[in-house]
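Here the structure comes first, spelled out in structure tokens, and everything after it is commentary.
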2 protein chains.
Amino acid sequence: MPAMAGNTGTPGATVAGRVMAVLGAFDEHHRRLTLSAIARRAGLPPPTVHRLVGELVRHGALAREDGAYVVGRRLWDIGLLAPVQTTLREAASPFLHDVYATTLATVHLAVRDGDEVLYLERLAGRASVPVVSSAGSTLPMHCTGVGKVLLAHAPEEVRSRVLGSLRRVTPYTVTRPGVLLRQLERVRREGYATTVEEMTLGACSVAVPVRRGGEVAAAVAVVVPTLKRDRGRLVTALQVAAQGIARRL
Amino acid sequence: MPAMAGNTGTPGATVAGRVMAVLGAFDEHHRRLTLSAIARRAGLPPPTVHRLVGELVRHGALAREDGAYVVGRRLWDIGLLAPVQTTLREAASPFLHDVYATTLATVHLAVRDGDEVLYLERLAGRASVPVVSSAGSTLPMHCTGVGKVLLAHAPEEVRSRVLGSLRRVTPYTVTRPGVLLRQLERVRREGYATTVEEMTLGACSVAVPVRRGGEVAAAVAVVVPTLKRDRGRLVTALQVAAQGIARRL
DNA sequence: ACCGGCCTTCCGCTGAGCGGAAAGGAGACC
DNA sequence: GGTCTCCTTTCCGCTCAGCGGAAGGCCGGT
């Protein structure tokens with residue numbers, strides 16, 4: 001078959017699919033992409049991407065910023081309309097501010113999304129620890145505070161899947177299933193989880209569950225440079241917030 | 001020409017364009033749409049929309065929620081990657097919290113976008129006034145606090161265009177160009193703007209400019225049920241915040 | 001029973017889309 | 001200045017993905 005002639009190397013593909021592939025090329029760590037980078041990441045030939053991207057820029061879905069492409073204003077607008085745990089976020093917002101005000105640490109609100117943690121909200125402190133997460137991003141469960149809380153209360157099936165593949169992120173990441181399993185028991189017993197430089201060097205976290213009915217619906221956490229003797233104070237602040245959020249659900 | 005036969009009623013149209021038309025059917029006031037509503041608002045025939053929407057749902061750009069369609073998680077993720085005044089928002093975030101903490105009112109951060117106001121951030125109070133705006137939405141300039149501030153410092157050309165079409169929104173909306181012009185002079189002189197039920201009944205606002213270099217880059221505001229004698233206190237709180245934000249730019 | 005509104009499936013026509021080929025930059029290295 | 005590499009952009013002829021009118025199914029109202 002000498003070159004598949006004319007068009008579509010992959011029959012069955014749709015334009016909408018290609019458009020989403022182009023948009024999907026952007027992520028947390030790739031907010032600016034050149035044309036060829038998009039092509040590579042989307043698995044499409046450069047000329048095709050060139051045309052699509054041109055179209056998308058014309059419609060405001062993407063924007064050109066000096067050399068490279070970035071996600072456009074239009075898509076920001078539209079994306080904000082998505083009902084992603086809207087009630088939870090709205091209920092939580094004031095309490096997260098309270099926690100921030102009293103601790104001045106970075107504050108997180110997250111839910112479980114499959115086998116990962118989805119960050120819904122992040123309040124970054126004025127002079128806070130370097131933190132990887134931001135609203136909209138996902139991180140693994142086994143090395144984040146919110147992750148441990150959500151994992152401790154997740155269905156058995158999720159837990160065993162996650163425990164089966166504990167990727168090392170820093171030298172302090174817990175990668176032995178037995179150790180993590182014992183930590184999770186403790187999380188259930190004591191009502192909070194901690195991490196110590198397991199995701200990012202120089203960052204520790206404390207997290208507590210937010211309950212809706214009997215279920216754990218979300219987790220709130222703070223990130224600080226070190227736990228030391230602040231632990232008790234942070235747990236209390238978070239529990240007050242979690243309680244308040246739960247009441248409003 | 002008896003029915004235009006076969007395909008595309010409108011030649012020259014592209015699929016990417018149609019996709020954006022479909023996504024553009026959603027807005028602030030239309031977060032849930034039925035298939036036929038999308039078709040109407042996008043100006044496309046229902047079968048075409050049916051196919052596109054199906055595709056988009058498969059890719060997570062839209063989601064089906066019982067009967068109707070809503071914007072999907074995937075688009076939320078991607079939209080959050082847009083560099084929409086990122087540095088401004090990050091610089092402002094902690095100061096907005098401070099204002100919220102001290103006033104317990106709804107706090108806004110906005111910039112001018114053409115002849116309208118674009119809301120970048122909204123901190124909604126626990127028990128706050130009904131407010132129309134939310135992050136991502138745009139409102140007219142002449143009847144919002146942030147709008148008046150930004151209009152007072154906008155290029156002459158923008159100002160005259162806006163003054164030329166003052167739409168009435170509530171019985172208290174200022175629709176006489178002369179009156180508004182005098183208010184704007186005062187805004188420049190005194191350093192803050194106010195509105196009294198000009199956009200929403202039962203909501204008043206106070207706003208101050210945020211400067212970057214010599215330019216006014218943004219505006220911060222609070223929304224309260226009534227101004228009364230709080231005005232001075234609110235202006236001060238906002239000015240402190242605006243000063244802090246400006247310092248970080 | 002009938003009507004009006006939705007959603008959905010069908011299907012034949014066709015031009016929008018495709019992407020290899022090749023031409024135009026912009027650097028980097030020798 | 002020449003050559004190499006990598007990226008962007010234009011060209012263009014071949015099709016198949018997309019189109020949307022027509023028609024069928026479903027519900028709720030009258």
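Atom set for the values below is all heavy atoms of this structure, side chains included, hydrogens, waters and symmetry mates excluded. Each chain gets a letter, A, B and so on, in the order its sequence line appears, and its residues count up from 1.
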With no hydrogens and no angle check, is any side-chain donor or acceptor of [X] less than 3.5 Å from a backbone partner on [Y]?
X	Y	answer
B:D27	B:H30	yes
A:H142	A:R167	yes
A:R122	A:T106	no

Rounded to the nearest Å, what distance is computed from the [atom1] atom of residue [X] to the [atom2] atom of nucleotide [N]?
X	N	atom1	atom2	result
A:L52	C:dG17	CG	P	8 Å
B:H50	C:dC11	NE2	C1'	16 Å
A:L35	D:dT9	CG	C1'	9 Å
A:R51	D:dC12	CZ	P	16 Å
B:I38	C:dT8	CD1	P	11 Å
A:R64	D:dC7	CZ	C1'	11 Å
A:D66	D:dT8	CG	C1'	15 Å
B:L44	D:dG21	CG	C1'	15 Å

Checklist entry - For B:S36, which contact category applies under a 4.0 Å heavy-atom criterion: base, sugar-phosphate, or nothing? => result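 Sugar-phosphate: the residue B:S36, judged by heavy atoms under 4.0 Å, touches backbone atoms but no base.
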Next on the checklist: Taking any heavy-atom pair under 4.0 Å as a contact, classify A:T14: base, sugar-phosphate, or nothing.
Outcome noted: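 Answer is sugar-phosphate: A:T14 comes under 4.0 Å of backbone atoms only.
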Checklist entry - Among the nucleotides C:dC18, D:dC19, D:dT9, which one has an atom lying closest to any side-chain atom of A:Y69? => result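 Comparing C:dC18, D:dC19, D:dT9 against the side chain of A:Y69, the answer is D:dT9.
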Item to check | Nucleotide nearest A:R40 (side chain, heavy atoms from C-beta), chosen from D:dC7, D:dC19, C:dG19 | outcome: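 Nearest nucleotide to the side chain: D:dC7.
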Item to check | B:H153: ring-ring contact (aromatic ring centres under 6.0 Å, His included) partners, not counting sequence neighbours | outcome: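 Partners of B:H153 under the ring-ring contact (aromatic ring centres under 6.0 Å, His included) test: none.
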Next on the checklist: If you assign A:V15 and A:P47 each to the DNA chain D nucleotide with the nearest heavy atom, which residue ends up on the more 5' nucleotide?
Outcome noted: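 Closest to the 5' end, via its nearest nucleotide, is A:P47.
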In residues 44-63 of chain A, what donor-acceptor pairs under 3.5 Å come from side-chain atoms, sequence neighbours left out?
residue	atom	partner	partner atom	Å
A:E55	OE1	A:R58	NH2	3.3
A:E55	OE2	B:T14	OG1	2.5

Checklist entry - So does B:T48 get a side-chain nitrogen or oxygen closer than 4.0 Å to the phosphate oxygens (OP1/OP2) of D:dG18? => result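 Result: no.
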